[in-house]
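Below is one structure, written out as structure tokens; comments come after it.
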2 protein chains.
Amino acid sequence: MTLHEVPPLSLRCGDCPIRHRAVCARCESDELQELEGIKYYRSFEAGQTIVWAEDQMDFVASVVSGIATLTQTLEDGRTQMVGLLLPSDFVGRPGLSSAPYNVTATTDVLMCCFRKTPFEEMMLRTPHIAQRLLQMTLDELDAAREWMLLLGRKTAREKIASLLSIVARRNASIRLEVAEERMVFDLPLTREAMADYLGLTLETVSRQISALKRDGVIELQGKRHVTVPDMHRLMSEAGDDSDGGILG
Amino acid sequence: MTLHEVPPLSLRCGDCPIRHRAVCARCESDELQELEGIKYYRSFEAGQTIVWAEDQMDFVASVVSGIATLTQTLEDGRTQMVGLLLPSDFVGRPGLSSAPYNVTATTDVLMCCFRKTPFEEMMLRTPHIAQRLLQMTLDELDAAREWMLLLGRKTAREKIASLLSIVARRNASIRLEVAEERMVFDLPLTREAMADYLGLTLETVSRQISALKRDGVIELQGKRHVTVPDMHRLMSEAGDDSDGGILG
DNA sequence: CTATCAGATTGATCTGCGTCAAATACCCGA
DNA sequence: TCGGGTATTTGACGCAGATCAATCTGATAG
């Protein structure tokens, strides 16, 4: 669902240009049939809210294109991002009717939705789907816990470096340019969204990005296009165990 | 698994003094039989590590008594708690062999363990167990996300107030003294463990507890025994939506 | 080409929390 | 009861990051 290191098993259904990661690859055909019957598409404009916290959410979905975020907010407006949804990621709570956070499109977003009740019924009939979802949810829980370490204990510079290497890794796993020292990608987030991700202010984000640029850890073409000349360097700036990543 | 608002369905197996929350109540008898065959007990002393990060973990388990924590650590020793296990909570990753964090006993702990392979086989045979685990994992993911909001956006005072009301709520759901304005409980954590939970230093924790005491939000008998004269007051100090809790 | 506006950068200043250090309370065994 | 070690409190001080404010950049529409 978010921040996965490695794309898990998944299947391509019908005319969707992506592979839905919620469903197991081993038995594509049967589920494809069933899914076709209950799926539909919805598109959202940049900035639009997809689901409000506490609202009824009567579908589960995969992101087909664009970026969506999960955020939580305090009464006075302080907001924290708690999930980042990139194409092929899954949203929804089979078994529960509402989520305690807002889902927002940060770019134009196309989602492939499945009506919840039929989806849940299919889950009951095909047990390995529940197991597949359990797997994914456990992965996401691990990601959330790594994120907690970042929020609770890392410095601003480490936070930025961590975010950059997460985005780079995500990109790499899509483009299959793994294990390169050099890496080039576009930031899918504004400075403000990055701040909400990291528990910082957008000014601090900007300053730390400038600092990383000044120190030669990254290069920028425009505001969003990033070149990392040495991923090892970036990852050691991130403060994690140095061997935790995709690079030998 | 941790920080649940409401104790979910669960079952009592054999001579365990607790109800294991990992297993559905609807069909107790069958699973009881199966679980009896593969379970065993392990006890740990306060301070002892139950599982090291990256170690093989060949069992899943429920906490019977005592308190255990999940923690993640950076190379230089900064540590962040990412899970708090109270009696009846579940640990383990069916489907995966290792967890990326340390599990530590903070008090003497007794765990009721199930060997992983047989447990997973039982999961395959009884599909609603996977669904039950999915449910629990989703709850835990929600809790982790609320925790992220706390780590990223709350002040030290709000963090302390949040932790106190979480512990109070947890206690309340066990003792069934829900919906009282006044609440009395023991802190199960040292100041240092609280600091690791909240992403603070132990000095800041101590200072903020003193401040809450000075301001009449809480009273202390000794270091650990807490009286909250007005839960509404405490919860508004915590900064959440005021209606998010157990009180009307 | 210029006006406009959102996003981003940069600077100056302030402050909450961390750091370092010392004092105090508490627990348990001898 | 005393001693020693651990948990906790409290104080003084400094700094990372927040806040407030001004400027700059770049994309888009007219």
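Please read all numbers here as calculations on a predicted model, not as lab measurements.
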message: Contact list please: residues 148-160 of chain B against DNA chain C, heavy atoms, distance less than 4.0 Å, in numerical order.
response: Thr155(B), Ala156(B)
task: Figure out the CD/C1' separation between Gln221(A) and dA8(C), and round it to whole Å.
output: 17 Å
query: How many Å lie between NZ on Lys213(B) and C1' on dT8(D), as a whole number?
result: 10 Å
query: Is a salt bridge present between Arg93(B) and Asp139(A), judged by a nitrogen-to-oxygen distance below 4.0 Å?
result: yes
field: Residue whose nearest DNA chain D nucleotide is more 5′ - Lys223(B) or Lys223(A)
entry: Lys223(B)
query: dC17(C) base to Glu203(B) side chain: any donor-acceptor pair below 3.5 Å?
result: no
- prompt: Rounded to whole angstrom units, what separation is found between the CD atom of Glu192(A) and the C1' atom of dA18(D)?
  reply: 15 Å
- request: Using a heavy-atom cut-off of under 4.0 Å over every strand shown, decide if Leu200(B) touches base, sugar-phosphate, or nothing.
  value: sugar-phosphate
- prompt: Can you find a side chain N or O atom of Arg207(A) that sits less than 4.0 Å from OP1 or OP2 on dG17(D)?
  reply: no
- prompt: Below 4.0 angstrom, N of the basic side chain to O of the carboxylate: do Lys159(B) and Glu237(B) qualify?
  reply: no
- prompt: Taking 4.0 angstrom as the limit, do Asp76(A) and Arg153(B) come out as a salt bridge?
  reply: no
task: Name the nucleic acid region contacted by Leu202(B), choosing base, sugar-phosphate or nothing; use a 4.0 angstrom heavy-atom cut-off, strictly under.
output: nothing
Arg145(B) and Glu140(A) ion-paired at < 4.0 Å: yes
task: Give Gly47(A) one of three labels, base, sugar-phosphate or nothing, depending on what nucleic acid heavy atoms sit under 4.0 Å from its own.
output: nothing
- prompt: With a 4.0 Å cut-off, would you call Asp89(A) and Arg170(A) a salt bridge?
  reply: yes
Nearest-angstrom distance from the residue atom CG of Leu187(B) to C1' of dA7(D): 13 Å
query: Reckon Arg224(B) has a side-chain N or O less than 4.0 Å from the OP1 or OP2 of dT8(D)?
result: yes
task: For Gln48(B) and Thr104(B), test the side chains for any donor-to-acceptor distance below 3.5 angstrom and give the result as yes or no.
output: no
query: For dC17(C), does either OP1 or OP2 sit under 4.0 Å from a side-chain N or O belonging to Thr204(B)?
result: no
message: On the nucleotide dT8(D), are OP1 or OP2 found under 4.0 Å from the side-chain N or O atoms that Ser206(B) carries?
response: no
- prompt: Relative to each other, are the rings of Trp147(A) and Tyr197(A) parallel, tilted or perpendicular (30° and 60° limits)?
  reply: parallel
message: Students often get this wrong, so: under 4.0 angstrom with heavy atoms, is Thr201(A) touching a base, only sugar-phosphate, or nothing?
response: base
